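A short worksheet on the structure shown next.
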Amino acid sequence: VSRIYLRPDANSLLAIADHCLRSRDYVNLIVIDKQPQLQWLDMDTARQHAAHGASVWDWAGNEHRKEPEVVLASAGDIVTMETIAAAQLLRHHCPEFEFRVVNVVDLMALFPEARHPHGMGEGDFVDAFTADTDVVFAFHGYPSAVHHLIHGRPNPHRFHVRGYQEEGTTTTPFDMVVRNEISRYHLCI
């Protein structure tokens with residue numbers, strides 16, 4: 001059994017590393033970088049987030065009803081930073097526009113539970129992503145990987161995944177997100 005972790009911050013990295021070092025009979029892959037990053041979660045919240053594999057970040061969204069107009073999702077550190085920045089821009093410039101923010105720390109959680117032992121149950125998936133709301137998903141890798149993972153989920157065509165497009169070379173993180181159309185501005189648009 002394998003798990004792929006894309007941690008959003010340092011506390012999540014600590015929670016994930018603790019889990020991985022205690023696990024047996026798993027192949028664990030943690031994707032990190034060596035640049036300083038912002039801290040989104042306190043340690044207890046990071047442990048809960050890592051245990052669930054994905055969670056709604058209520059503090060980042062602005063929804064007031066059960067069904068938001070859009071879900072902003074992310075998996076990976078730089079794309080999470082861009083997603084949170086997009087959320088801030090939307091709150092400031094479009095305060096009436098209701099959206100939810102979901103972060104995925106364990107990619108295997110996106111699988112239906114029948115396809116992977118760490119896949120989210122249907123109810124948990126719908127609680128996070130809804131059953132029919134459009135999802136703008138910023139991803140650290142190739143968009144097709146997320147489409148593969150969500151195959152079999154409710155209305156997978158509503159997931160608009162933004163990720164690596166083979167644009168750019170060794171450059172700055174911001175230049176990479178602009179070239180690959182996953183900057184905060186692209187996500188808002």
Side-chain angles (χ1 to χ4, degrees), residues 1-24 26-63 66 68 70-88 90-91 98-113 115-131 133 135-141 145-146 149-150 153 159 161-163 173 177 182 184 187:
V1 177
S2 63
R3 289 182 100 166
I4 300 173
Y5 295 101
L6 294 164
R7 59 93 187 150
D9 64 7
N11 283 342
S12 297
L13 174 60
L14 291 172
I16 292 163
D18 179 64
H19 169 79
C20 290
L21 292 171
R22 294 173 193 273
S23 68
R24 300 285 185 267
Y26 283 92
V27 173
N28 293 302
L29 172 65
I30 303 172
V31 178
I32 60 173
D33 67 7
K34 53 188 177 251
Q35 301 299 319
Q37 298 294 325
L38 298 172
Q39 190 62 48
W40 306 115
L41 307 175
D42 62 51
M43 198 64 220
D44 289 336
T45 306
R47 283 187 191 104
Q48 293 171 2
H49 182 49
H52 288 101
S55 58
V56 175
W57 287 4
D58 292 323
W59 56 267
N62 75 341
E63 67 180 304
K66 186 143 176 80
V70 72
V71 175
L72 300 177
S74 62
D77 54 1
I78 299 296
V79 293
T80 295
M81 180 177 66
E82 291 301 311
T83 300
I84 299 301
Q88 192 277 329
L90 290 172
R91 274 194 310 278
E98 293 192 24
F99 60 91
R100 176 180 298 169
V101 175
V102 176
N103 183 263
V104 177
V105 68
D106 178 1
L107 287 180
M108 301 301 105
L110 294 174
F111 272 127
E113 60 187 336
R115 291 182 52 208
H116 194 280
H118 299 118
M120 281 195 282
E122 197 70 24
D124 291 336
F125 188 85
V126 169
D127 286 346
F129 296 103
T130 78
T133 302
V135 178
V136 177
F137 198 117
F139 180 52
H140 180 81
V146 172
L149 294 168
I150 63 171
R153 292 294 191 177
F159 279 73
V161 185
R162 305 291 182 253
V177 297
I182 52 176
R184 59 198 69 184
L187 296 176

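Because the structure is predicted, anything quoted here is derived from the model rather than measured.
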If we ignore hydrogens and angles and just use 3.5 Å, is the side chain of Thr130 paired with the main-chain N or O of Val126 as donor and acceptor? no
Residues Trp59, Leu41; criterion side-chain contact (heavy atoms from CB on, under 4.5 Å); working and verdict: CA-CA 10 Å; Trp59 56 267; Leu41 307 175; 4.2 Å; yes
Taking it one step at a time, do Leu107 and Phe139 satisfy side-chain contact (heavy atoms from CB on, under 4.5 Å)? CA-CA 10 Å; Leu107 287 180; Phe139 180 52; 3.7 Å; yes
Nearest-0.5 Å distance, CG of residue Leu149 to NE2 of residue His116: 9.0 Å
Do Asp9 and Ser12 meet the criterion of a side-chain donor-acceptor pair at a distance under 3.5 Å? yes
Suppose we screen for side chain to side chain donor-acceptor pair (under 3.5 Å). Which residues come up paired with Thr83, at least two apart in sequence or across chains? none
His52 side chain to Gln48 main-chain N or O, any donor-acceptor pair under 3.5 Å? yes
If you compare all heavy atoms of Ile30 against all heavy atoms of Cys20, which two are closest, and at what distance to 0.1 Å? CD1-SG, 4.0 Å
At what distance, to the nearest 0.5 angstrom, does CG of Asn11 lie from CD of Gln39? 4.0 Å
Gap between atom CG of Leu6 and atom CG of Asn103 - 0.5 Å precision: 9.0 Å
Does the side chain of Met43 come within less than 4.5 Å of Leu14's, by heavy atoms? yes
Derivation of the side-chain contact (heavy atoms from CB on, under 4.5 Å) call for Trp57 and His49: CA-CA 10 Å; Trp57 287 4; His49 182 49; 3.8 Å; yes
Let's go through Phe137 and Leu110 carefully: what are the C-alpha distance in whole Å and the side-chain angles of both, what is the deciding distance for side-chain contact (heavy atoms from CB on, under 4.5 Å) to 0.1 Å, and is it a yes or a no? CA-CA 12 Å; Phe137 198 117; Leu110 294 174; 4.1 Å; yes
Spacing of CZ belonging to Arg184 relative to CG belonging to Leu90, to within rounding of 0.5 Å: 12.0 Å
How far apart are the closest heavy atoms of Asn62 and Arg91, and which atoms are they? CB-CG, 4.0 Å
When you compare the side chains of Asp106 and His118, does any donor N or O come within less than 3.5 Å of an acceptor on the partner? no
Quick one: does Arg100's side chain have a donor or acceptor within less than 3.5 Å of a partner on Ala128's backbone? yes
Is the NZ or CZ atom of Arg153 positioned over Phe129's six-membered ring, under 6.0 angstrom from the centre and within 45° of the axis? no
